[in-house]
Amino acid sequence: GAGVSQSPRYKVAKRGQDVALRCDPISGHVSLFWYQQALGQGPEFLTYFQNEAQLDKSGLPSDRFFAERPEGSVSTLKIQRTQQEDSAVYLCASSLAGYLVAGELFFGEGSRLTVL
Amino acid sequence: AQSVAQPEDQVNVAEGNPLTVKCTYSVSGNPYLFWYVQYPNRGLQFLLKYITGDNLVKGSYGFEAEFNKSQTSFHLKKPSALVSDSALYFCAVRDDAGNNRKLIWGLGTSLAVNP
């Protein structure tokens with residue numbers, strides 16, 4: 001596609017439910033990032049993939065969060081046993097180059113998760 | 001540790017007037033600096049970046065930013081604001097020291113351009 005696509009755009013979950021958020025990056029982009037953006041805040045880094053390799057997951061807030069990019073393109077962020085504090089917009093971004101090159105990031109529109 | 005600050009939550013300017021959105025940073029090595037804009041219900045969009053070279057960087061939509069090493073600042077500027085520039089602006093920094101992959105983001109500055 002022409003840009004980074006994220007789905008679903010909106011997700012309402014009951015506390016304790018598992019959710020899966022999908023990111024379809026720009027074709028050919030090597031780098032893929034997941035960020036969490038709470039209301040009134042800037043994006044907070046969650047995890048980074050270079051192709052299929054998850055090189056940095058230091059931002060994942062707990063072991064309930066899991067991300068994968070098995071074929072080096074589409075990525076899924078999974079949150080198990082959701083809690084209210086997980087409510088946020090989850091942003092996916094991709095970049096043509098690897099992380100050592102400070103290239104521009106292309107963002108999707110985000111997935112807004114609300115946990116009741 | 002790296003950090004970035006956007007001291008103003010909101011900036012209001014009249015259409016046609018120059019605008020400045022402030023950003024200061026702290027890194028241990030050399031900074032990679034970025035500005036992104038977020039329109040309502042839209043994804044973040046890249047405006048410009050400073051990596052090295054000329055301190056004045058020109059970007060999209062007529063925006064520019066000046067890297068000032070002594071003041072550790074990277075303020076975003078535009079000579080003549082448009083109503084359509086009204087949006088949320090984020091400054092971000094990455095430290096070139098080590099294997100740092102993370103962009104650290106400011107809290108954002110809401111720009112309102114009044115007709």
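Chain letters run A, B, ... following the sequence lines, proteins first and then strands; every chain starts at 1.
When hydrophobic clusters are built by joining Ile, Leu, Val, Met, Phe, Trp and Tyr residues whose side-chain heavy atoms come closer than 4.5 Å, directly or via intermediates, A:Leu96 is not grouped with A:Leu55. Cluster membership for B:Val37 and A:Phe33, using ILVMFWY side-chain heavy atoms within less than 4.5 angstrom, is not shared. Hydrophobic clustering, with ILVMFWY side chains joined whenever heavy atoms are under 4.5 angstrom apart, keeps B:Trp105 apart from A:Leu46. Linking ILVMFWY residues whenever their side-chain heavy atoms come closer than 4.5 Å, directly or via other members, leaves A:Val89 and A:Val12 in distinct clusters. Taking hydrophobic clusters as Ile, Leu, Val, Met, Phe, Trp and Tyr residues chained together by side-chain heavy-atom distances below 4.5 Å, A:Ile79 shares a cluster with A:Phe49.
One distance of note links CZ of B:Phe34 with CD of A:Glu104; it measures 9.5 Å at 0.5 Å rounding. Taken from CG in B:Leu103 to OH in A:Tyr35, the straight-line distance is 4.5 Å, to the nearest 0.5 Å.
Contact of the A:Pro43 side chain with the B:Phe90 side chain is registered, since non-hydrogen atoms from C-beta on lie closer than 4.5 Å.
Heavy-atom contacts from other residues, nucleotides or ligands closer than 6.0 Å to CD of A:Glu85 number more than 12. Atom CZ of A:Arg9 sits in a crowded spot, with more than 12 heavy atoms from other residues, nucleotides or ligands closer than 6.0 Å. Remark: A:Arg64 CZ is packed, more than 12 non-hydrogen atoms of other residues, nucleotides or ligands lying under 6.0 Å away.
Proximity to chain A is limited to the side chain of B:Gln38, based on heavy atoms less than 4.5 angstrom apart. Of the two parts of A:Gln37, only the side chain, counted from C-beta on, holds a non-hydrogen atom closer than 4.5 Å to a non-hydrogen atom of chain B.
Taking A:Gln41, A:Glu44, A:Gln6 one by one and counting their heavy-atom pairs under 4.5 Å with chain B, the maximum is reached by A:Gln41.
Residues of residues 107-116 of chain A lying within less than 4.5 angstrom of chain B, judged on heavy atoms, are A:Phe107, A:Gly108, A:Glu109 in numerical order.
With sequence neighbours excluded, the residues forming a ring pair (Phe, Tyr, Trp, His ring centres under 6.0 Å) with B:Tyr89 are B:Phe63, listed by chain and number.
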